[in-house]
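Written below as structure tokens is the structure these notes are about.
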Number of protein chains: 2
Amino acid sequence: MGFIKNIDEISHTDLHRDVLEIIEKGLEAADPEKVFPERLRLEGEKLYIMGREHRLAGRVYIIGIGKASGKMMNAIERILGDRIYRGAIIVPKGYRVERKLNKIEILEGEHPIPGKATQRSSERIMEIIEEIGEGDTAVILISGGASALFEIPAEDLGIEDIAEITQELLRSGATIEEINTVRKHLSRTKGGRLGKTLKRRKAHVITLIMSDVVGDPIDIIASGPTAPDPTTYCQAKEILRRRIGRKTSEKIERVIEKGCRGELEETPKPGDLELEGISNIVIISNTDSLREMRRESKARKYNTIILSNTIEGEAREAGKILASIAKAMLRIGEPTKPPAVILAAGETTVRVKGKGVGGRNQELALSAGIKLKNEREAIVASIGSDGIDGNSIAAGGIGDHTLQSEADALGIDLIEYLENNDSYTALSRLKRTIVTGYTGINIGDLILIASRRRE
Amino acid sequence: MGFIKNIDEISHTDLHRDVLEIIEKGLEAADPEKVFPERLRLEGEKLYIMGREHRLAGRVYIIGIGKASGKMMNAIERILGDRIYRGAIIVPKGYRVERKLNKIEILEGEHPIPGKATQRSSERIMEIIEEIGEGDTAVILISGGASALFEIPAEDLGIEDIAEITQELLRSGATIEEINTVRKHLSRTKGGRLGKTLKRRKAHVITLIMSDVVGDPIDIIASGPTAPDPTTYCQAKEILRRRIGRKTSEKIERVIEKGCRGELEETPKPGDLELEGISNIVIISNTDSLREMRRESKARKYNTIILSNTIEGEAREAGKILASIAKAMLRIGEPTKPPAVILAAGETTVRVKGKGVGGRNQELALSAGIKLKNEREAIVASIGSDGIDGNSIAAGGIGDHTLQSEADALGIDLIEYLENNDSYTALSRLKRTIVTGYTGINIGDLILIASRRRE
């Protein structure tokens with residue numbers, strides 16, 4: 001049983017089916033239950049991670065946070081088995097975790113906006129950490145989503161203050177780097193602060209990271225709970241000024257202001273000894289998926305190019321540019337001749353203005369589809385690897401050369417839907433939403449441009 | 001003497017110099033004075049255009065409109081010589097046309113917003129056309145900019161009505177397709193109406209086109225004065241509703257409304273016999289430049305890819321995506337390994353919100369440069385082939401991996417300049433504007449992504 005639930009329904013052509021099956025392979029390639037056994041090996045007290053030796057001393061605690069922590073937990077359990085002493089993971093509310101170990105508690109938090117469950121679960125994690133003693137080992141499993149799922153606010157802030165500023169920042173079009181710079185300075189867990197707590201307890205710390213952030217920066221993924229933080233209170237202040245301005249709450253402004261004046265302890269910085277000895281290892285990232293999708297595309301006889309693993313920008317504009325690459329394939333045989341698949345990964349953003357249902361992947365696909373009108377056979381597909389795109393139930397969408405004509409026939413004004421951020425509604429009416437449900441993985445978005453000239 | 005005037009000043013590295021010299025070759029490859037002799041050949045009464053025979057009967061009139069009409073005129077004159085009977089061209093005010101033939105008048109118009117000079121010059125062209133008789137030949141030289149330079153308003157509209165709606169549409173972020181759909185239905189010259197006038201006079205008509213529109217659509221370039229027009233009054237109405245809404249002037253709304261009700265004559269449609277026998281030939285386009293730049297890049301030992309000849313979308317978002325391709329080259333050696341040059345062409349757009357000085361090419365470069373911060377050696381350069389980017393005196397700009405650090409050192413807040421559409425001011429302070437002055441050619445924008453890993 002694959003990730004994509006509706007392949008048959010949305011395979012309008014053979015090219016669609018190929019694209020969807022290639023995406024399926026891309027998702028599989030980022031599955032910890034497949035990847036961990038290839039990259040981790042236990043030998044007595046030693047854990048080899050991608051060939052490098054790490055010590056597994058004392059009692060072994062597993063702490064997992066993020067959308068992929070269920071699958072990461074299952075995968076590490078199969079490798080470490082009885083070596084695990086105890087642990088806990090936090091997954092988003094509603095995520096079904098397939099298997100439940102007795103030793104590892106499964107907790108829930110709110111996502112993408114943190115709430116009471118997040119705080120309660122985070123406090124439970126801190127209780128477990130209180131137990132960890134000198135010489136014990138903490139294996140931290142980090143994946144995207146952890147910023148919202150793992151949070152204990154700093155100073156006198158409540159979780160509702162964090163929720164509010166997160167929401168404002170998401171709405172403002174702020175980048176993930178910017179959002180996390182702010183969050184790290186309002187938190188007792190983020191920006192290396194969890195790592196600092198663990199090192200104070202003299203534990204060994206191994207952090208395994210599934211990256212959902214372009215470029216795999218360990219300080220930004222999940223707001224880097226065990227990574228040194230190069231950002232500062234003063235930078236957070238500047239971001240708030242630029243992105244939110246006067247709408248910033250007084251309480252938050254007060255904390256940031258105080259920190260920027262040097263009256264609060266900064267997050268641990270790169271080179272600081274406080275985090276010495278912590279291994280932050282990106283164990284799975286979008287390049288795993290890209291390489292597997294390339295292999296699969298070539299096996300299916302497509303000319304294949306990996307365009308980028310760091311795509312960012314406004315989703316609808318990215319869609320236009322990716323469509324322009326599809327057009328170039330069809331019209332001038334560049335950057336390669338059809339039949340071809342061009343692969344990309346990253347994470348686009350949406351500056352929400354409308355009230356519709358959709359997400360960045362479906363907006364990208366919809367916008368690309370509009371631009372592919374009157375072309376020969378071409379597809380731009382985009383999918384959020386976690387399975388949930390924006391406020392919709394779909395993971396992503398498909399834009400293709402017949403989208404516009406089919407919409408016209410049904411009287412669906414695609415541009416109006418796009419303007420209203422209602423990409424899901426438009427694409428689902430045209431059977432072009434990709435549905436997976438929660439995948440349990442999270443490596444950002446996967447994007448495919450495919451072309452086949454009709455013979 | 002090349003097109004780019006400040007190569008020495010802006011060649012911060014060897015990579016910069018290579019990029020600029022490759023762009024220089026790209027501009028040369030679109031110069032009619034170089035291309036026409038290769039593609040046009042006169043043999044008695046026959047003119048061979050890219051190998052195909054066309055008749056040059058009767059008196060030969062030359063009518064040129066657009067930013068490249070000076071160079072197109074010089075080029076055609078060198079081929080047809082004494083066969084030319086008379087003619088006129090319209091260039092933008094301030095364009096210096098190198099050589100002045102006695103037989104061909106050089107007129108001026110306003111650009112990008114038409115004004116009194118445009119109308120006066122257009123009426124002079126129509127006077128000359130009044131002379132053309134049965135069996136004579138009209139060679140029409142079309143290039144971008146002609147939509148503003150050649151205009152006689154329809155119905156009771158004045159040139160100031162056209163000016164106003166053009167300005168509103170440009171500000172609204174409307175695409176060139178949308179703008180021209182509206183303009184064609186407010187005009188006595190556009191949307192095939194010039195062609196219709198010429199065919200009524202029983203002239204032979206050969207239109208040579210330098211394309212500045214992505215995909216080279218002959219009905220959109222210069223608003224297609226001799227091309228069939230697939231668009232309608234009712235579509236123009238819909239575009240006005242969507243893009244301008246209530247700000248549309250009553251006078252314009254009345255004309256479009258009347259047309260949409262069928263009370264005005266539509267523009268000639270594809271398949272209509274009215275334009276039968278007119279040859280609309282795209283003689284120069286951005287693919288000429290792309291192919292020459294590829295040749296030059298390969299000669300300089302760069303891995304080379306042509307990404308697309310139809311790039312469109314919001315300039316600053318395109319900049320981010322192109323930067324993400326540069327990053328992928330540096331980080332994972334995809335889509336190709338450095339040293340590499342990736343070539344693209346098209347035309348981005350800017351939704352102007354600020355009051356600064358700049359243009360789409362400089363915004364694209366500035367936005368890309370911001371994203372290249374902390375990367376190894378990489379450049380994204382973008383240039384408007386006509387030599388004037390937006391409301392600045394530069395043709396384009398360079399974004400590179402040291403842009404941000406140099407800006408920081410000078411206390412220049414790049415994001416603030418970008419937000420204020422002030423890309424020229426920022427880039428010129430950092431010696432990263434490409435200056436050409438009017439080039440006399442117009443094939444849209446050329447974009448280069450270049451990377452070289454330091455050894």
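Sequence lines set the chain letters: A, B, ... in the order given, protein chains first and strands last, and positions in each chain run from 1.
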Spacing of OG1 belonging to Thr287(A) relative to CZ belonging to Arg331(B), to within rounding of 0.5 Å: 11.5 Å
Arg242(A) and Asp413(B), any side-chain heavy atoms less than 4.5 Å apart: yes
Residue part contacting chain A, namely of Glu177(B), when any heavy atom lies under 4.5 Å: neither
Toward chain A, the part of Glu419(B) with a non-hydrogen atom under 4.5 Å: neither
Check: Ser324(B) side chain, Glu312(A) main-chain N or O, donor-acceptor pair, under 3.5 Å: no
Side chain Glu317(B), main chain Glu314(A), donor-acceptor under 3.5 Å: yes
Spacing of CD1 belonging to Ile325(A) relative to CD1 belonging to Ile325(B), to within rounding of 0.5 Å: 5.5 Å
Among the listed options Leu343(B), Ile311(B), Val214(B), Leu307(B), the residue most often paired with chain A at heavy-atom distances under 4.5 Å: Leu307(B)
Value rounded to 0.5 Å, distance of OG1 in Thr336(B) from CD1 in Ile305(A): 9.5 Å
Thr304(B) portion near chain A, given a 4.5 angstrom heavy-atom threshold: neither
Atom pair CD1 (Ile321(B)) and OG1 (Thr310(A)), whose distance is rounded to the nearest 0.5 Å: 10.5 Å
Beyond-backbone contact of Arg291(B) with Ile332(A), side-chain heavy atoms, under 4.5 angstrom: yes
Distance in Å, Thr349(A) OG1 paired with Lys320(B) NZ, rounded so as to fall on 0.5 Å steps: 5.5 Å
Minimal non-hydrogen separation, Ser308(B) against Ala328(A), with atom names: CA-CB, 3.5 Å
Heavy-atom proximity to chain B below 4.5 Å, by part of Leu322(A): neither
Lys25(A), NZ atom: more than 12 neighbouring heavy atoms under 6.0 Å: no
Given Ile306(B), Leu290(B), Asn309(B), the one that forms side-chain contact (heavy atoms from CB on, under 4.5 Å) with Glu334(A): Ile306(B)
